[in-house]
Amino acid sequence: MQVQKVDHHELFEQIYNQAPIGIALVAPSGQWLKVNPAFCSMMGYTSEELMNLSYQDITHPNDCPQDVVYACDLFEGRSKEYTYEKRYIKKNGDVLWISLHISLARDESTDKPLYFICHIVDITDRKLSEQKLLYSEEMFKLISDNAQEIIYIANLDGVCRFCSPSVRDLLGYSPEEIIGQNNNDYFHPFDLEQISQMDLTTGNMLNIRVRHKDGHYLWFETTYKIIGDAEQERQILTIGRDISERKKHEEISAEAERIAMIGSWEWDMVNDQIATSDQVLEIFELERTHKRYRARDVLRVMNPADAASLQEKIRETKQGEPLDFEYKHIRSDGSEKYLHLRGLITFDEHQQPIQLNGTLQDITERKLIEFKLQESVERYTSLKKYNHDAIISFNMDGNIMNANPVAVKMTGCPVSDMIGTSISRFIGAVNLGMILRSNYELAEKEINAVRHTDGSETEVLATLAPIIINKTNVGFYLIAKDITEQKKLLVAKETAERMNKAKSEFLAMMSHEIRTPMNGVIGMTDLLLDTPGLSEEQKEYIQIIQKSGDSLLAIINDILDFSKIESGKTDLVDDPFDVGEIVTETVQIVKPLAREKELDIRLRLDEAIPTPLYGDAYRLKQVLTNIIGNAVKFTPEGSVAIEVGVKEQCSNNILLQFKVKDSGIGIPVEKRQQLFEPFYQLENFMTRKPQGTGLGLAISKKLVELMQGDIWIEESDEPGTTFIFTASFKLNNDEGSNQFDQQQKKNRSTPLRILIAEDNEVNLLVLSRMVEKKGHFVDRVADGVEAVEKVKLSAYDIVFMDVHMPRLDGFEATRAIKELSDPETCPYIVAVTANAVRGDRDRCLKAGMDDYVSKPIKSESIMQVMERYYHKKQIHH
C-alpha cells in the first residue's frame with residue numbers, strides 16, 4: 001500500500017485552529033503575531049483586536065515582572081523553555097488564570113530570536129479551588145489557633161488526632177500531650193456512661209466534666225459530630241466550651257430560686273409553648289420531662305374561677321399591661337399553696353404579642369403572715385371599735401390620729417373633725433405638756449376628766465400607752481374609762497360597808513348584852529344541878545331552864561355563826577384529831593333522842609382512814625352534829641346509818657366522804673335545793689311546825705366549802721333521806737404526829753394555878769366555881785391593872801382574861817403581861833368575850849392571847865381550854 005504524502009503545513013493549520021488550548025506567536029517586542037481561536041475565546045477578544053495589543057497589555061500588573069525575567073533568560077540562552085502560571089486580564093475585565101508554556105524560536109543560520117511560541121491552558125477553575133482550599137485551611141488554622149473553645153478530633157476509638165492550642169489555656173495541657181491519647185482518660189467517671197449512650201451520627205450536645213491538668217474538673221458544653229464518609233476514615237469532631245462559671249452562676253441562680261421559692265418561665269405565644277426552670281416544676285411538684293407545656297396545661301390545674309381571672313389578666317397583658325396575678329393552688333395532698341405570677345410581654349414590629357416572659361413565686365409563707373397580720377389588724381380594729389372605753393391615738397406633737405366610737409360619744413366630736421387637731425382640747429394643755437415631757441405616770445393621775453364639745457366633762461380613769469414602731473415611740477394611745485357609774489357604785493359600796501359595819505357593831509353589842517346574862521343563867525344552872533339534896537321536881541325545873549337556855553344559846557350562836565361565815569371572817573385551824581373519835585362523840589350527843597324513839601343507829605368507819613388528820617375538828621363536828629341531829633330529829637322510826645370513807649388521797653391531803661342515811665319521812669325533790677338556803681325551814685311533817693332558825697344546813701354548806709368539799713342529797717327511790725358531804729384534811733407523817741395520843745383529851749389530875757380577870761360579879765362567880773370544881777386553885781381580880789399586878793407577884797399557869805374591863809382592857813393587859821414575862825414562864829392567856837362576830841378569835845390571837853372562849857361559858861368549854869393548855873405544855877417540854 002502506498003503511503004499518502006502528508007501536507008505538514010495544512011496539518012499545522014488544523015491543529016493550530018482546532019486545538020482546545022490557546023496557541024500564540026509573540027514578537028520579541030511583545031506584539032501578538034498570531035493567535036488561534038481558542039485563545040481569542042479565552043480572552044474575549046477577536047484576532048484583530050489582539051493584533052493591536054502587546055502581551056504586556058493583557059497581563060495582570062503583578063505578573064509583568066516575572067514575564068521580563070523569563071524572557072531575558074530565553075533571549076540569553078539560559079533556558080530553552082519555561083512553564084509557569086500567570087494572570088491575564090480579559091476584555092470584560094475578569095482575571096484569567098493560565099498555565100503558560102513558552103519557548104523562543106531562533107533563526108537556524110544566524111541564531112537570531114524570531115518569535116516566542118506560547119501554549120496557554122485555562123486553569124482558572126483549578127486556581128479558584130486551590131485558593132478556596134487554601135482559604136479554608138488558613139481559616140481553620142486561624143480559628144483553631146484563636147478560638148476560646150477546644151477543637152478536638154479523634155478516631156472512633158477515642159484516640160486524639162488533633163487538638164487546638166486553646167487546650168493549654170483551658171485545661172493546662174499542650175496539644176502534644178493530648179494528641180495520641182484516649183480522650184476517656186480526661187472525662188469524669190460519672191459522665192462516661194452518658195457519653196457512651198449518645199447517637200454520634202446525628203450529632204449531640206452534652207454538658208460534661210473534664211479534668212484539668214492540676215486535677216480539678218471543669219464543666220464543658222460539648223458538641224459531637226462524626227465527620228468523613230465511608231470511603232475515608234470516619235472521625236469524631238468535638239467542640240467544647242468552658243461553662244464552669246456559667247454552671248456556677250446557674251447553680252447559684254437555681255439555689256437562689258429555690259431559697260426564694262421563685263421560678264422563671266417563657267411562653268412562646270405564637271407556637272403556644274411554655275418553657276420553665278426547674279424551680280417552677282418543683283413548685284408544681286412535677287418531674288422534668290421533654291414535654292413542652294401549653295397554656296391549656298396551666299389552666300387545667302387551676303380552679304375555674306382562678307383560670308377565668310388569669311385569662312382576663314392575660315387579655316389585659318396583651319394590651320401592654322404587666323402581668324401580676326395571685327391565686328391559690330391545691331397541692332396533690334390537698335394542702336394549699338399561694339402562688340404569684342408576674343410577666344412582661346414582647347411585641348413584634350407589627351405590635352402583635354409574640355412572647356411572655358415571667359416568674360412564678362411560692363408566696364405561701366408571706367400570705368400566711370399577711371393573713372395573721374390582717375387577723376391582728378381586724379382584732380385590733382374590733383377591740384378598738386367595740387371597746388367600752390374611749391381610745392384616742394395621737395402623735396408626738398399631740399395631734400390626734402384616730403379615735404373609736406366611744407371617744408366620739410364622750411367628746412361629741414366626729415373622728416373626721418378630730419384628726420389633725422390637738423388632743424389638748426379634750427384633756428387640757430397642761431396634761432398634754434406632761435405627756436410630751438415623758439411624765440406619763442403623773443399625767444395618768446392628773447387626767448381625770450375628758451371634755452365634751454358642749455362644755456361638760458366625763459369623769460375618767462386614764463391610761464397612757466406608747467405606740468412603738470421599729471423601736472421608735474411615734475405616739476400614744478389615751479384609754480379613758482368612764483367611771484361615772486363606778487363612782488356611784490363606789491358610793492353605794494361605801495354606804496353598804498358603813499351599814500355592814502354598823503350591823504356588825506350591833507351584832508357584837510347584842511352578843512355581848514345577851515351572852516353576859518345568859519352566862520349567868522346557864523352557868524348557875526350547871527352549878528345548881530350539881531348541888532346535893534335537890535328534889536326530883538326541882539331537878540326537872542332546873543333541867544327545863546337549862547334546855548331553854550341551851551335552845552336560846554343555839555339560836556344566838558347560829559345567827560352569829562352565819563354572820564361570821566357569810567362575811568368571810570371564818571378561818572379553819574389545822575390541829576390534829578381522830579376522825580373516829582369526832583364521829584363517835586357526835587353520835588353520843590344524839591343517842592338520848594335516838595333511844596327515846598327506839599332508832600337503830602349504825603356507824604361504819606373505813607379502816608383506811610389514817611390517824612391523826614389535821615384540820616378543824618370543831619367545825620367538822622358542827623357539820624356532823626347538824627346532819628346527824630336532823631336525821632334523828634326527822635326519823636320517827638327505823639334507823640340512821642352513818643358511813644365515813646376515803647374518797648381520794650395524795651401525799652399531802654385526804655378527801656373523806658361522810659354519808660348519813662335515815663329511814664325518815666324524806667324530803668320532796670323540789671324542796672331539796674332550798675334546804676341549803678339561809679333561814680329556810682322545812683315543816684316537820686309530824687308537828688306541822690318549823691323547828692330552829694333554818695340556818696343549820698346553810699352554815700354546814702358554807703363550812704364544807706371552806707374544807708374544800710361539797711354537800712348534797714343523794715337521789716334514791718328508797719324511803720328516807722341520804723345526806724352526803726366531802727371534806728379535805730391534811731396528812732402529816734412526821735414523828736410528832738405519830739405520838740398523837742387519843743387519851744390526851746382526858747382530864748389531867750395535876751392542880752393548876754389559875755387567875756380569873758372579870759368585872760362582872762356573876763360571871764366571875766360562875767367561872768370560879770367551874771374551875772374550882774375541877775380541883776384547881778383560883779385567884780380573882782376585877783380589872784386589867786390588878787391582873788398585871790397579880791402576874792408580877794405570882795406564877796400562874798392559866799389566866800382567863802375578860803376582854804372588856806375598866807381601867808385596862810384585856811388586850812392591853814395581855815400585852816403588858818407578855819412584855820413583863822419570859823416566854824418560858826408566861827402564863828397561858830385565854831380571852832373571855834361575849835363578842836362572837838367578825839374575826840374576834842383572830843383579833844384576840846393577834847393581841848398575844850393563846851386561846852379564846854365565848855360567853856356563855858360551859859364546863860365543856862373550860863375542859864377544852866385545859867386540854868389545849870396541857871397539849872401545848874407537852875409539846876414545849
Side-chain angles (χ1 to χ4, degrees), residues 511 515 522 550-591 593 603 612-634 640 642 644 655-660 675-681 691-712 723-730 745 836-842 851-861 863-865 867-868:
S511 170
R515 282 173 179 266
I522 292 173
D550 286 343
S551 298
L552 181 58
L553 186 59
I555 292 170
I556 293 168
N557 285 343
D558 277 355
I559 293 171
L560 295 175
D561 210 9
F562 183 76
S563 176
K564 285 170 67 179
I565 295 170
E566 194 176 45
S567 67
K569 295 297 182 181
T570 298
D571 292 321
L572 303 181
V573 298
D574 281 328
D575 290 334
F577 69 93
D578 185 331
V579 173
E581 189 175 308
I582 295 297
V583 178
T584 304
E585 286 179 5
T586 307
V587 171
Q588 292 298 325
I589 293 171
V590 300
K591 267 196 173 178
L593 180 58
L603 172 60
L613 298 180
Y614 287 78
D616 199 322
Y618 172 74
R619 291 302 190 182
L620 174 61
K621 191 172 182 181
Q622 186 177 349
V623 176
L624 286 168
T625 302
N626 191 281
I627 303 297
I628 298 172
N630 281 346
V632 173
K633 186 190 301 183
F634 294 107
V640 174
I642 301 119
V644 184
L655 184 69
L656 299 183
Q657 178 173 287
F658 300 82
K659 186 175 183 179
V660 180
L675 281 177
F676 299 103
E677 298 297 326
F679 304 107
Y680 179 80
Q681 294 172 312
Q691 298 182 4
T693 60
L695 287 173
L697 287 175
I699 292 171
S700 297
K701 179 176 174 63
K702 290 186 178 295
L703 289 174
V704 165
E705 289 171 351
L706 283 173
M707 291 185 278
Q708 286 84 47
D710 197 7
I711 185 168
W712 68 93
F723 276 87
I724 299 176
F725 74 91
T726 57
S728 179
F729 302 101
K730 292 181 181 178
K745 289 192 175 182
V837 293
R838 300 235 174 173
D840 292 327
R841 174 185 172 86
D842 286 344
D851 211 337
Y852 168 98
V853 293
S854 60
K855 299 174 183 177
I857 300 170
K858 290 187 176 182
S859 298
E860 184 184 355
S861 300
M863 293 308 300
Q864 289 174 348
V865 167
E867 188 57 41
R868 285 194 289 271

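All values reported here derive from a predicted model rather than from experimental measurement.
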Review point. Are the side chains of K591 and V587 in touch, meaning some heavy atoms are under 4.5 Å apart?
Key: yes
Study note, to complete from the structure: Rounding to 0.5 Å, atoms CD1 (I582) and CG (L624) come to a distance of 8.5 Å
Practice item. To the nearest 0.5 angstrom, please state how far the CH2 atom of W712 sits from the CZ atom of F723. Key: 12.5 Å
Exercise for review: Take R619 and L706 through the side chain to side chain contact (heavy atoms under 4.5 Å, CB included) test and state the conclusion after the steps.
Suggested key: CA-CA 10 Å; R619 291 302 190 182; L706 283 173; over 6 Å; no
Point to revise | Spatial distance of atom CZ (F725) from atom NZ (K659) [nearest 0.5 Å] | key: 13.5 Å
Review point. Roughly how far, to the nearest 0.5 Å, is OG1 of T625 from CD of E585?
Key: 9.5 Å
Check your understanding: Between L655 and Q708, what is the shortest heavy-atom contact and its length?
Key -> CD1-O, 4.1 Å
Review point. Which atom names give the shortest non-hydrogen contact between F729 and G615, and what distance separates them?
Key: CD2-CA, 4.1 Å
Check your understanding: Of all heavy-atom pairs between L603 and V583, which one has the smallest distance, and what is that distance?
Key -> CD1-CG1, 3.5 Å
Check your understanding: Has the side chain of T726 got a donor or acceptor atom that lies under 3.5 Å from a matching backbone atom of D710?
Key -> yes
Check your understanding: Is there side-chain contact between L620 and F658, with at least one heavy-atom pair below 4.5 Å?
Key -> yes
**Study point:** Sub-4.5 Å side-chain heavy-atom contact between I627 and I711
**Key:** yes
Practice item. Find out whether L656 and L613 are in side-chain contact, i.e. whether some heavy atom of one side chain is under 4.5 Å from a heavy atom of the other. Key: yes
Practice item. Indicate the atoms forming the closest heavy-atom contact of G629 with V590, along with that distance. Key: CA-CG1, 3.9 Å
Review point. Quick one: does F577's side chain get under 4.5 Å of P612's, heavy atoms only?
Key: no
Review point. Do K730 and D574 have side-chain heavy atoms sitting under 4.5 Å apart?
Key: yes
Practice item. Please round to the nearest 0.5 Å and tell me the distance separating atom CD of Q588 and atom CD of E581. Key: 11.5 Å
